[in-house]
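Start at 1 and go down the list; that is how both ligands and their atoms are numbered. Computed over heavy atoms, backbone and side chain alike; hydrogens, waters and symmetry mates excluded. As the structure is a prediction and not an experimental result, all values here were calculated from the model.
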Amino acid sequence: MNHSPLALLGGEPAITLPGPHFAWPPIAGSDREAVAHQLEAAVSIPDRSGIVADLEDALAAYLGVRHTVTTCTGTAALHSMYAAAGVGPGDEVMVPALTFHATATPLFHLGAHPVLVDVDDHGQLDVDDAARRLTARTKAVVAVHLWGLPENMDVLVAFADAHGLMLLEDGSHAHGASWNGRRTGSFGTAAAFSLNGPKPLSAGEGGFVATDDSELYYRVLLHGQFNKRCRSEIPGTHPLARFAVTGMGLKLRIHPLAAALAHAQLPRLDTSLAGRRAVAARMCAALDGVPGIRVPRVPASARPSWYTLPLRYETAALGGLPIRRFVEAVHAEGAIEVDLPGATCPLGIHPLFQRPSALLPGYADYEGPAAGDFPVAEHVHATSLKLPVWHREDDVPLADAYTAAITKVASHVKDLL
Ligand SMILES: *Cc1c(COP(=O)(O)O)cnc(C)c1O
C-alpha cells in the first residue's frame, strides 16, 4: 500500500503522466484512408448507395437484423424510431429516469409523453415501478443499456409481452454488448443507436435505427430520408409509396465522411470491446474490497461494452467525505479522467421535463416529475463515479495507476476529514 501523503495535502501524486489519458475513437491509418477515399468518392449521398449502403449492410450483419437506416445523430435515430413506431399525441412511452435526455426528448416532438420510471440500485429499469405507472395510454417501454451494461432482457421482454407493450431500445452506450449471447439492439421491435464521438462505435457524429420490421423500416425512411431512398426502397405497390417524395418532411441523413469513419471502425469494434472487458475486469478486481468503492455487478448473462466503468461511492464507509471532495483528491493524484456523471442524470431535474410547455406547445396538461419522484435514480446518480475503460494492452499500466490512485485516496480518507 502507498503510505505517502495525499497529493491534495502536499504529497507526491500517484500519476505524473500529463493528460489527457483517454481519447476515443482511436484513429488508425485505415480510418484516414477511408475518409480520404470518401472525399473523392462522394460527399453527399441521397440514395442507399456507396458508403451508406456499405455501413448499413455491415451494421445489419453485425447486429443480426434485417434493416438498418443511418442518421445524422443518435437523437435523430431515436426521433425516427419513435415516429416510425407510430408513437403520437398523448401516447405514453416508458423510459428509465436515469439516462441521457435524448432517450426521451424526441417524444416531445411527437406530442407523446415520456413516462419516467425509476431504476434499481444497479441503474437498471425497475419493472415494479414501471408496472405502477402503466396506464391505458402506455404504448412502449425503452431499454437503455446504461454505461454499456445490458439491461436484464429476460425481465424486460417478459414485462413488455405481459402488458402488450412495444419494446424499443436505446443502444447508444452498448454497441456490441450482449445478453445471453444476443446483441443489444436486436431484442426490441426497433433500436436506435448514437454514433457520436465517444460512443463505443463512432462516426464522429451519426446514428442509426435497427429493426426486423419492414413496415417500421419504411416509416423510418419516410421520417428522415425523403425522396430517392423512399422511392427505391419502399415497394411501389405499398400504400406508403405515394409519400416517397416528401416523406414526413424531415432530412436526417448521415454525412458520407462520418459513415466512412464508422465503417472503417466497425471491423475493430469486437477487438476493442474484448480489450475493454479485460481492462474493466482488471480494474474491478483491483478495486473490489477497497472501502467505500463498489464495483458494478455483472450478471452471468451480460457481456458489457463498457462505454464507461461506473463505480459506486459509499459515503458512510468513507467517514461521510463528500463525493466531490473524493474526486478532487483523486484528480490531485493525477487520475484526471475520473469523473462524476454529468449529462446522464435523473431526467426529472431538467426544466424541459418539469415544464415542457414553456418551450413546446401542447404540453399544458403534462404532469412533469416532482423532486423526489425517482429516489433510486437520484441516489444512484449522486453516488456514482465513472472511469474511462481503456482497451489496449499498452494502457494496462495506466489503468493500474488509476485504480492505485483511487485506492490511495480511499485508504487515506481520514486525512481529508
Ligand atoms: C449519446 C446518446 C444519445 C444521443 O446521441 P447523439 O448522437 O449525441 O444525438 C441518446 N441516448 C443515449 C443513451 C446517449 O448516450
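- What sits closest to atom 2 (C) of ligand 1 on the protein, heavy atoms only, is Lys199 NZ, 2.6 Å.
- Closest protein heavy atom to atom 3 (C) of ligand 1: Phe100 CD2, 3.5 Å.
- Between Arg297 and Leu149 the shortest side-chain heavy-atom distance does not fall below 4.5 Å.
- A cation-pi geometry, defined here as NZ or CZ lying under 6.0 Å from the six-membered ring centre and within 45° of its normal, holds between Arg182 and Phe187.
- For ligand 1, the atoms lying closer than 4.0 Å to a non-hydrogen atom of Gly206 are 7 (O).
- Using a 4.0 angstrom heavy-atom cutoff, Ala192 does not count as in contact with ligand 1.
- For ligand 1, none of its N or O atoms has an N or O atom of Glu205 under 3.5 Å away.
- Using a 4.0 angstrom heavy-atom cutoff, Leu78 counts as in contact with ligand 1.
- Ring geometry for Tyr366 versus Tyr363: interplanar angle over 60°, hence perpendicular rather than tilted (30 to 60°).
- Ring centers of Phe243 and Phe226: at least 6.0 Å apart, outside the cut-off.
- The aromatic rings of Phe193 and His175 sit tilted relative to each other, their planes meeting at an angle between 30° and 60°.
- In this structure, the ring of Tyr402 has its center less than 6.0 angstrom from the ring center of His21.
- Among protein heavy atoms, atom 4 (C) of ligand 1 sits closest to Thr75 OG1, 3.6 Å.
- Residue-ligand proximity, Thr103 to ligand 1, at heavy-atom distances under 4.0 Å covers atoms 11 (N), 13 (C).
- Ring geometry for Tyr307 versus His173: interplanar angle of 30 to 60°, hence tilted.
- Residue-ligand proximity, Gly74 to ligand 1, at heavy-atom distances under 4.0 Å covers atoms 5 (O), 6 (P), 7 (O), 9 (O).
- Residue nearest to atom 10 (C) of ligand 1, selected from Thr105, Val142, Asp170: Asp170 (by heavy-atom distance).
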